[in-house]
Amino acid sequence: MDIIKGIKGVKDLLPEETPRWRFIEETARRWALLYGFREIRVPIFEVTSLFARSIGASTDIVEKEMYTFQDRDGTSLTLRPEGTAGTVRAYIEHNRAADPLPQKYFYSGPMFRHERPQAGRLRQFNQFGVESFGMADPRADVEVIALLWRILSDLQLPGLTLEINNLGSATDREAYRPHLVTYLQRITDALCGNCRRRVDSNPLRVLDCKVPDCRSATEAAPRLAEMLSNEAQLYFRAVVTGLEAVGIPYYMNHRLVRGLDYYCLTTFEVTSTSLGAQNAVGAGGRYDGLVQTLGGPPTPAVGFALGLERMALMLPESVLTSAQRPVSIYIAGFGTHGSPAGFSALEELRRAGILAISDFRATSLKSHLRQADRLGATFTLIIGDDEVVTGSGILRDMHTKVQRDIPLTSLIPQISSLIGAC
RNA sequence: GUGGGUGUAGCUCAGUUGGUUAGAGCGCCGGAUUGUGGAUCCGGAGGUCGCGGGUUCGAAACCCGUCAUCCACCCCA
């Protein structure tokens, strides 16, 4: 019979690696709470049209990367490819706009995109993200970027760069678009095949193309920055000075165009040189129109998403070693009477809130101690037939090898006081 | 969707120009006189050599196909 294997691009996190994940998730969560964000948990699947409407029908994600399937009644459902759409849907559906603004949420969980797996890219991957609703204020942008930067810095992730850009308002881009398109059409021969198609479908993305020829060809292209409205320019300037005021280092990148349609004004991306080809660790931006697009009241919003797999790849081992192993007791119960007595003691200790472990395969004291050593137990409680007769077990400190007798009838108080001293 | 690399024990890998029962290290289990771990020594378990064809007297090795995985393109967190 063939062994059933996991799905391509989907990974198991084994017990050896979960601590580093918990560490990452907990620091992100801690900082988000510190910045006044509250956790929201939304479903991992939604009606397909939610993503088509929010992310943009002509984006790669919607066109070819979504896990879409039919529900029994025929409605089209999709495993979420990102977290913002569902969060906004929940915000609208529960009429959160009627509650006092601003409202700041964070989420963490799996996302799904059908892409070819690669270093730092999986089909099921995890994102930690935040969404800040209700403030059309540059300080809201700065706050979100600062939070992003604080999380990454706290984790000591190496080689980070924050890049920002101003996408202006939708009308700014509408005005800019024809200028860019005429320019691109003139130089179309110099563009890669992909970009030639983009000239019509999504001309802004041509600027973000990695092909060197495309980059040099678009070097002289008209810049969006030069055609932005006064408001957009002022707004962005305020974001930039805000970043400087709170000491967040950034680089301007006028080519930075995010892959999701809903962004406007501020966009940003943090990349790392220590990652590989998929070097974006976190990214986000402002999306003032999205809530309205999805049927809610006009609501300004900013947010970001972090790729947890990529953070896990980068997290230095040294950051993690600070976590200490908890005090634990191994129960070595052996012999016809010691064995059951040991099992009772095991349960008794656990009910008292003490980390107690054993290996039921071990039949000799020797094999028990070997297990205790391997499992890194702080103490071993030895209960053989002799101990059952005398009514007192032997507690061995695995480090100092010091042993002492402990009456089996008063295990909990004796052991608790010892553990308290550790 | 496209390209390239790699598939031998739980893990990391050897395996000479095709040649007999496929190896090592680590890990795992056990033992080294009677109830005391880590070190050392000894022993043991564990492999359809990814899978399917083909060439050959003979294939882990050569050829074809296929699958898996990794990396890159694309795109993104």
Side-chain angles (χ1 to χ4, degrees), chain A residues 1-3 5-11 14 16 24 28 55 59-65 80-84 108-129 148 152 192-195 197-198 202 205 208-211 256-260 268-272 275-285 303-314 330 332-335 338 359 361-377 379-387 393-403:
Chain A
M1 194 166 62
D2 284 348
I3 294 170
K5 297 173 73 178
I7 297 162
K8 181 201 284 282
V10 171
K11 275 219 169 114
L14 301 175
E16 292 77 34
I24 291 168
I55 299 167
T59 55
D60 276 24
I61 293 177
V62 172
E63 272 185 349
K64 47 191 190 189
E65 293 174 3
R80 63 182 185 190
E82 54 98 54
T84 300
S108 183
M111 307 294 165
F112 306 84
R113 292 183 199 169
H114 189 106
E115 303 181 90
R116 272 295 264 280
Q118 180 183 338
R121 191 172 70 187
L122 295 172
R123 290 186 174 176
Q124 175 176 337
F125 60 102
N126 289 275
Q127 286 190 336
F128 178 93
L148 169 64
L152 297 175
C192 69
N194 235 313
C195 282
R197 259 175 285 121
R198 286 185 184 130
N202 195 348
R205 286 215 60 83
D208 207 19
C209 185
K210 279 183 201 160
V211 178
L256 183 66
V257 179
R258 315 270 38 264
L260 289 70
F268 51 91
E269 179 171 278
V270 176
T271 56
S272 170
L275 264 180
Q278 308 305 317
N279 62 355
V281 189
F304 70 71
L306 279 164
L308 297 183
E309 276 76 9
R310 294 180 186 178
M311 293 165 74
L313 281 174
M314 293 193 289
Y330 182 96
F334 60 104
D359 180 349
R361 298 172 310 167
T363 51
S364 64
L365 177 56
K366 183 191 190 68
S367 55
H368 266 131
L369 281 168
R370 193 181 6 200
Q371 277 305 94
D373 181 49
R374 181 162 24 201
L375 295 171
F379 297 100
T380 297
L381 180 63
I382 298 167
I383 306 177
D385 290 349
D386 296 355
E387 284 69 28
I394 302 168
L395 189 72
R396 177 179 176 87
D397 182 316
M398 293 302 281
H399 186 63
T400 64
K401 299 184 180 179
V402 172
Q403 300 191 161

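Below, chains carry the letters A, B, ... as their sequence lines are ordered, and counting in each starts from 1.
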Q: Could you say whether the aromatic ring of F125(A) and the base of A77(B) stack, counting only centre distances under 5.5 Å and plane angles under 30°?
A: yes
Q: Rounded to the nearest angstrom, tell me the gap between atom CG in L375(A) and atom P in G38(B).
A: 14 Å
Q: Let me have a per-nucleotide readout for nucleotides 3-9 of chain B, 5' to 3', with B, S or -, counting only protein heavy atoms under 4.0 Å.
A: B------
Q: For K401(A) and G37(B), what is the distance between atoms NZ and P respectively, to the nearest whole Å?
A: 8 Å
Q: What is the separation between atom CG on L395(A) and atom P on G35(B), rounded to the nearest whole Å?
A: 21 Å
Q: Respond yes when some side-chain nitrogen or oxygen of K8(A) is under 4.0 Å from OP1 or OP2 of U69(B), and no when none is.
A: yes
Q: Just to be sure I understand the rule, does L308(A) reach a base, reach only the sugar-phosphate, or reach nothing, if contact means heavy atoms closer than 4.0 Å?
A: nothing
Q: From G35(B), A77(B), G37(B), pick the nucleotide closest to the side chain of A283(A)?
A: A77(B)
Q: Which part of the nucleic acid, if any, lies within reach of F334(A) when heavy atoms closer than 4.0 Å are counted: base, sugar-phosphate only, or nothing?
A: base
Q: Name the nucleic acid region contacted by E82(A), choosing base, sugar-phosphate or nothing; use a 4.0 angstrom heavy-atom cut-off, strictly under.
A: nothing
Q: Taking atom P in both G5(B) and G44(B), compute the distance separating them and give it to the nearest angstrom.
A: 41 Å
Q: At 4.0 Å (heavy atoms only), tell me whether L122(A) reaches a base, stays on the sugar-phosphate, or touches nothing.
A: base
Q: Less than 3.5 Å between a donor and an acceptor, one on the side chain of E65(A) and one on the base of G1(B), is that the case here?
A: no
Q: Determine: side-chain N/O of K366(A) to OP1/OP2 of U36(B), distance under 4.0 Å, yes or no.
A: no
Q: Taking only residues two or more places apart in sequence, or in another chain, which ones meet D397(A) in a side chain to side chain contact (heavy atoms under 4.5 Å, CB included)?
A: F379(A), H399(A), T400(A)
Q: Nearest-Å distance, CZ (R123(A)) to P (C70(B))?
A: 11 Å
Q: Take the protein atom CD of E309(A) and the nucleotide atom P of A77(B), then report the distance between them rounded to whole Å.
A: 13 Å
Q: Any donor-acceptor pair, under 3.5 Å, between the side chain of R396(A) and the base of G37(B), if you only look at N and O atoms?
A: yes
Q: Mind checking the C1' distance from C29(B) to A9(B)? Whole angstroms is fine.
A: 15 Å
Q: Under 4.0 Å between any heavy atoms, over every strand shown, what does A372(A) touch: base, sugar-phosphate, or nothing? Just pick one.
A: nothing
Q: How many Å lie between NZ on K5(A) and P on C70(B), as a whole number?
A: 10 Å
Q: Could you check whether G129(A) gets within reach of a base, just the sugar-phosphate, or nothing at all, counting any heavy atom under 4.0 Å?
A: nothing
Q: Taking side chain as C-beta onward, heavy atoms only, is K11(A) less than 4.5 Å from L122(A)?
A: yes
Q: Under 4.0 Å, heavy atoms only, any strand: does E63(A) hit a base, just the sugar-phosphate, or nothing?
A: nothing
Q: How many Å lie between CG on D359(A) and P on C28(B), as a whole number?
A: 12 Å
Q: Taking atom P in both G10(B) and A77(B), compute the distance separating them and give it to the nearest angstrom.
A: 39 Å
Q: OP1 or OP2 of A72(B) versus the side-chain N and O atoms of Q118(A): is any pair under 4.0 Å?
A: yes
Q: With RNA chain B as reference, determine whether K64(A) or G282(A) sits nearer its 5' end, using the nearest nucleotide of each.
A: K64(A)
Q: Give me the ring orientation class for F304(A) and F268(A): parallel if the planes are under 30° apart, tilted from 30 to 60°, perpendicular past 60°.
A: perpendicular
Q: Of the options A77(B), C29(B), C70(B), whose atoms approach the side-chain atoms of Q371(A) most closely?
A: C29(B)
Q: Please report the distance separating the P of U16(B) from the corresponding atom of G50(B), rounded so that it comes out in whole Å.
A: 15 Å
Q: R121(A) near the nucleic acid: base, sugar-phosphate alone, or nothing, with a heavy-atom cut-off under 4.0 Å?
A: base
Q: Distance check, P atoms only: G4(B) and C63(B), in whole angstrom units.
A: 16 Å
Q: For RNA chain B, what is the dot-bracket line, given that a base pair needs Watson-Crick (N1 to N3, plus N6-O4 or O6-N4) or G-U wobble (N1-O2 and O6-N3) geometry with both distances under 3.5 Å, and | means paired with another strand?
A: (((((((..((((.....[...)))).(((((.......))))).....(((((..]....))))))))))))....
Q: In whole Å, measure the gap between the C1' atoms of C51(B) and C13(B) for me.
A: 22 Å
Q: By nearest atom, which of the nucleotides C76(B), G35(B), C29(B) is closest to the A280(A) side chain?
A: C76(B)
Q: Does R374(A) put a side-chain nitrogen or oxygen below 4.0 Å from OP1 or OP2 of C29(B)?
A: yes
Q: Which residue lies toward the 5' end of RNA chain B, G120(A) or G6(A), if each is placed at its nearest nucleotide?
A: G6(A)
Q: When the C1' atoms of C62(B) and C49(B) are compared, how many Å lie between them, rounded to an integer?
A: 15 Å
Q: Rounded to whole angstroms, how far apart are CG on L313(A) and P on C70(B)?
A: 12 Å
Q: Below the 4.0 Å mark, does C76(B) have OP1 or OP2 next to a side-chain nitrogen or oxygen of Q127(A)?
A: no
Q: Output yes when at least one side-chain N/O atom of R370(A) is less than 4.0 Å from OP1 or OP2 of G30(B), else no.
A: yes
Q: Check P110(A) against R80(A) and note the closest heavy-atom contact, atom names and distance.
A: O-NE, 2.8 Å
Q: Classify M311(A) by what it touches in the nucleic acid, base, sugar-phosphate, or nothing, heavy-atom distance under 4.0 Å.
A: nothing
Q: Is there any protein nitrogen or oxygen under 3.5 Å from a nitrogen or oxygen in nucleotides 43-46 of chain B, and what are the pairs?
A:
none

Q: What integer number of Å spans the P atoms of G58(B) and A32(B)?
A: 50 Å
Q: Considering all heavy atoms of both residues, which atom of R396(A) and which atom of L369(A) are nearest to each other, and what is their separation?
A: CD-CD2, 4.1 Å
Q: Can you list the residues that meet the side chain to side chain contact (heavy atoms under 4.5 Å, CB included) rule with S364(A), with sequence neighbours excluded?
A: K366(A), S367(A)
Q: Which part of the nucleic acid, if any, lies within contact of Q403(A), taking any heavy atom under 4.0 Å across all strands shown: a base, the sugar-phosphate backbone alone, or nothing?
A: base
Q: Nearest to the L369(A) side chain among G35(B), C70(B), U36(B), which nucleotide is it?
A: U36(B)
Q: With a non-hydrogen cut-off below 4.0 angstrom, is N126(A) in contact with a base, only sugar-phosphate, or nothing?
A: nothing
Q: Quick one: list whatever passes side chain to side chain contact (heavy atoms under 4.5 Å, CB included) with Q278(A), sequence neighbours left out.
A: Q118(A), R121(A), R310(A)
